[in-house]
Amino acid sequence: CIVDPKEYEHQSADWFEKVKSEHCEWFLSYLKKLHDKQWSPNVIRELDKSSDAIMNHLGNPKSKSFNVRGLVMGDIQSGKTANFIALCNKAADAGYRVIIITAGIIEKLRRQTQGRLEKEFISLLPMKQVVKLTGATYDFRKEQGENPVHVFRNDVPVLCVVKKNVTVLQHLYKWL
C-alpha cells in the first residue's frame, strides 16, 4: 500500500481487524467458495491477509466521516479480481453501502467482471440482498441516476460495475 500520511493520519490503522470477527458473514461465504474451488490454503490465507491490510486503509464506514480513495493494481493473472472480490465481501461485512468497480474500457471485460461478482459476491448469501445498478447486459445508464433515493431505502450494499468511459462515469458521478 502506498499511503499519504497527511490523508491517513486520522484513520485507525487497524480498525477492520478490530471489527472483523463481528462482521464476517459475506467473507466467510467467499472463503467457503474458494475452498470448494480447491484453492490452496496458503493462497487463501494470503488473500485474507492482503485484503485485511487494504480494508484497514479504507476507512470505517461507521465513523462520522472519512475521505479515502483507493486503487487495486497488479499484473495480468496476479489475483486482482480475487482481491477486489474479497474486498467487496469484506466491505459489505463492514457496512459499506456503495461499491463501485471500474472494469477497463471494453464491455466484454465489464460483463466478465460483473459475472464474477454475481457468482462470488451477490449470490453468496441468497438471504441477503444486493442492489445491482449494473448487470451482465447493461452498464450504468443515465436514467438510473435520475432517482437514486429508492436504492438506499434498505440497509444493503449497492454494487455498480462500470467501464472507464467518460459518459458512464459522468452519469455515475452525478448520481452519487
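We use all heavy atoms of the structure for the numbers below, so side chains are in, but hydrogens, waters and symmetry mates are not.
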For this session: Verify the neighbour count for atom NZ of K80: are there more than 12 heavy atoms of other residues, nucleotides or ligands below 6.0 Å?
Result: yes
Exercise. Are Y96 and I101 joined in one hydrophobic group, where the rule is that I, L, V, M, F, W and Y side chains link up if heavy atoms are under 4.5 Å apart?
Worked result: no
Problem set entry | Heavy-atom check, side chain of E120 versus side chain of K37, under 4.5 Å | yes
Exercise. What's the spacing between E107 CD and T137 OG1 if we round to 0.5 Å?
Worked result: 8.5 Å
Exercise. Going by an N to O cut-off under 4.0 Å, is there a salt bridge joining K20 and D48?
Worked result: yes
Problem set entry | CA sep, side-chain torsions, deciding dist, call: K128, D93, salt bridge (charged side-chain N to carboxylate O under 4.0 Å, His left out) | CA-CA 11 Å; K128 296 233 180 194; D93 283 333; over 6 Å; no
Exercise. Mind checking whether R97 and V158 have side chains closer than 4.5 Å, heavy atoms only?
Worked result: no
For this session: Mind checking the CZ-CH2 spacing from F121 to W26? Nearest 0.5 Å is all I need.
Result: 5.0 Å
Exercise. Would E118 and R111 satisfy salt bridge (charged side-chain N to carboxylate O under 4.0 Å, His left out), going step by step from the backbone distance to the final call?
Worked result: CA-CA 10 Å; E118 289 188 15; R111 280 194 309 263; over 6 Å; no
For this session: Determine, using the 4.5 Å side-chain heavy-atom cutoff (strictly less than), whether I100 and L159 are members of one ILVMFWY cluster.
Result: no
Exercise. What's the spacing between T113 OG1 and K108 NZ if we round to 0.5 Å?
Worked result: 12.0 Å
For this session: Report yes or no: do W39 and L28 belong to one cluster of Ile/Leu/Val/Met/Phe/Trp/Tyr joined by side chain heavy-atom distances under 4.5 Å?
Result: yes
Problem set entry | Side-chain donor/acceptor of Y30 to backbone N/O of A82, under 3.5 Å | yes
For this session: Tell me whether F16 is reachable from F27 by hopping between hydrophobic residues (I, L, V, M, F, W, Y) whose side-chain heavy atoms are closer than 4.5 Å.
Result: no
Exercise. Which heavy atom in G95 sits nearest to a heavy atom in K62, and how many Å separate them?
Worked result: CA-NZ, 4.3 Å
Problem set entry | Shortest non-hydrogen contact from K164 toward I105 | O-CG2, 3.4 Å
Exercise. Going from CG on L133 to CZ on F140, what distance comes out if it is rounded to the nearest 0.5 angstrom?
Worked result: 6.0 Å
Exercise. Which pair of heavy atoms, one from K163 and one from D139, lies closest together, and at what distance?
Worked result: NZ-OD2, 2.9 Å
Problem set entry | Heavy-atom donor-acceptor pair, Q114 side chain to T134 backbone, under 3.5 Å | yes
Exercise. For the side chain of R45 and the backbone of S40, is there at least one donor-acceptor N/O pair under 3.5 Å apart?
Worked result: no
Problem set entry | Within-4.5 Å side-chain heavy-atom neighbours: L172 and C160 | yes
For this session: Enter the distance from M55:CE to N60:CG here, rounded to the nearest 0.5 Å.
Result: 8.5 Å
For this session: Could you pull out the closest heavy-atom pair between L117 and C88, with the gap in Å?
Result: CD2-SG, 3.8 Å
Exercise. Between the side chains of S51 and K90, is a donor N or O closer than 3.5 angstrom to an acceptor N or O?
Worked result: yes
Exercise. Hey, are E17 and K49 close enough for a salt bridge, meaning a charged N less than 4.0 Å from a carboxylate O?
Worked result: no
Exercise. Would a hydrophobic clustering, with Ile, Leu, Val, Met, Phe, Trp and Tyr connected at side-chain separations under 4.5 Å, put L47 with L87?
Worked result: no
Problem set entry | Any donor-acceptor N/O pair, N83 side chain to S78 backbone, under 3.5 Å | no
Problem set entry | Straight-line distance of I54 CD1 to H57 NE2, nearest 0.5 Å | 9.5 Å
